[in-house]
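Worksheet for the structure shown next.
Worth saying up front: this structure is predicted, and the values here are computed from it rather than measured. In each ligand, atom 1 is the first atom listed, and ligand 1 is the first ligand listed.
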Amino acid sequence: MASSKPKKHKSLSAGRPPTLRRPAASLSSKATRTLIRSHHQLQKASAAAVKAGDERKAAILEHQIEQQGGLQAYQRASIQGQSTERGGDSSKVLLNWLADVSFRAPAGERLRMLEVGALSRSNACSRSSVFDVTRIDLRSQGSGIVQQDFMQRPLPKSGTEMFDIVSLSLVLNYVPDAAARGEMLRRTCRFLSHVRTSETGSDGQALLPALFLVFPAPCVINSRYLTEDLLSRIMASLGYTLLKRKLSTKLVYYLWRASEEPAIRPTKFVKTEVNPGVKRNNFCVVLE
Ligand SMILES: C[S@@+](CC[C@H](N)C(=O)[O-])C[C@H]1O[C@@H](n2cnc3c(N)ncnc32)[C@H](O)[C@@H]1O
């Protein structure tokens, strides 16, 4: 027998394609930090499992990463971490450092920056008229950011494919393996041009070409295996000299000038305990 219950009419919106998505709920600072930390830990454990040949464990860990939203959720949390109300993005520091420097890029050109690990097109560097920014990331957040692994980016064949600045802001600590971090640093040298610019700072010091490097402060301030002194020696072996440094409560920022002469003898840096202590972390950079 047919039901005599009057049929409920669906609302009109139910039959329409969604025109306006509700914005993703914004996470609290604590939730953001927890997600970022957990993503890093799972990534590191997964890379270690792959290295040890334990595919089953690696698959379980990858599944856990996906369960908590994967790289997309991590990037969303990182973008929130960059918001002005949470301290702003790191590229503001770079802009300040370059503020008193007058550059001469080739006629009609701006300074060329390669931003590795770019999450948006609206950070301070992108908004300024100083840079022509090429943005890449493992997972692109949209147009204007090329989806590309820096380690797979073809090496420049000519000066036109090179840059005045490479930015690795909060990227090296994303890389789960210490030797891969070293390789990433080594690779930056290949993208920096020594012929594009001439410049004078207020102190007459040449700044470019340079690497802008940002870490969570504990990576270098509170690690058993990395100190600022060791980082400077690793960078020197790659031909980099420290020009600027800023330590905030959460982050440490550096500007390293690349020398024209590549390191004469490549130096190896292995994992060594340089700063023992029970409350320290294990962040490390290795040059093989
Ligand atoms: C914490 S976010 C950094 C965001 C931004 N640069 C900042 O300072 O807030 C790290 C980003 O680096 C990207 N990344 C890590 N390794 C990369 C690689 N080899 N090539 C390109 N992007 C990479 C990740 O996909 C991630 O989006």
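- Where the criterion is an N or O separation shorter than 3.5 Å, residue side chain and backbone included, Tyr74 fails it with respect to ligand 1.
- Ligand 1 has an N or O atom lying under 3.5 Å from an N or O atom of Phe150, backbone or side chain.
- No option in Asn282, Asn275, Thr272, Asn281 other than Asn282 meets the side-chain hydrogen bond (donor to acceptor under 3.5 Å, both in side chains) test with Arg224.
- In the hydrophobic clustering of this structure, Tyr225 does not group with Met235; members are Ile, Leu, Val, Met, Phe, Trp, Tyr whose side-chain heavy atoms approach within less than 4.5 Å, directly or through other members.
- Contact analysis leaves Gln152 out of contact with ligand 1, as no non-hydrogen atom separation drops below 4.0 angstrom.
- Near Met184, meaning under 4.0 Å from one of its heavy atoms, ligand 1 places the atoms 18 (C), 19 (N).
- Numbered from 1 in the order shown, with element, the atoms of ligand 1 that lie under 4.0 Å from a heavy atom of Gln75 read 25 (O), 27 (O).
- Under the 4.5 Å side-chain heavy-atom criterion for Ile, Leu, Val, Met, Phe, Trp and Tyr, Phe163 and Ile145 are members of distinct hydrophobic clusters.
- Outside the 6.0 Å centre-distance limit, the rings of Tyr253 and Phe215 are not counted as a close aromatic pair.
- Looking only at side-chain heavy atoms (C-beta outward), His63 and Ile65 stay at 4.5 Å or farther from each other.
- Atoms of ligand 1 lying under 4.0 Å from any heavy atom of Leu71, numbered from 1 in the order shown and given with element: 25 (O).
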Exercise. Kindly determine whether Arg135 and Ser140 satisfy side-chain hydrogen bond (donor to acceptor under 3.5 Å, both in side chains), including the steps that lead there.
Key: CA-CA 9 Å; Arg135 303 173 197 84; Ser140 169; over 6 Å; no

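- Under 4.0 angstrom from ligand 1, the non-hydrogen atoms of Ser90 all belong to its side chain.
- Ligand 1 lies nowhere less than 4.0 angstrom from a heavy atom belonging to Arg153.
- In terms of polar-atom proximity, Asp149 is counted as a contact of ligand 1, with an N or O under 3.5 Å from an N or O of the ligand.
- Look at Val214 and you'll find every heavy atom at least 4.0 Å from all atoms of ligand 1.
- Ion pairing between a basic and an acidic side chain is recognised when a charged N comes within 4.0 Å of a carboxylate O; Asp229 and Arg233 show such pairing.
- With a 6.0 Å cutoff to the six-membered ring centre and a 45° limit on the axis angle, Arg110 does not count as a cation-pi contact of Phe131.
- Per-residue contacts place Gln148 under 4.0 angstrom from the following atoms of ligand 1 (heavy atoms of the residue considered): 20 (N), 21 (C).
- Annotation: Arg139 places no N or O atom under 3.5 Å from an N or O atom of ligand 1; distance criterion only.
- Side chains of Val274 and Leu226 form no contact here, defined as non-hydrogen atoms less than 4.5 Å apart.
- Residue nearest to atom 13 (C) of ligand 1, selected from Asp137, Asn173, Ile79, Leu251: Asp137 (by heavy-atom distance).
- No heavy atom of Asp89 sits closer than 4.0 Å to any atom of ligand 1.
- In terms of N/O distances under 3.5 Å, ligand 1 is approached by Gly117.
- Test Val220, Leu247, Leu168 against Tyr254 for side chain to side chain contact (heavy atoms under 4.5 Å, CB included) and you get one pass: Val220.
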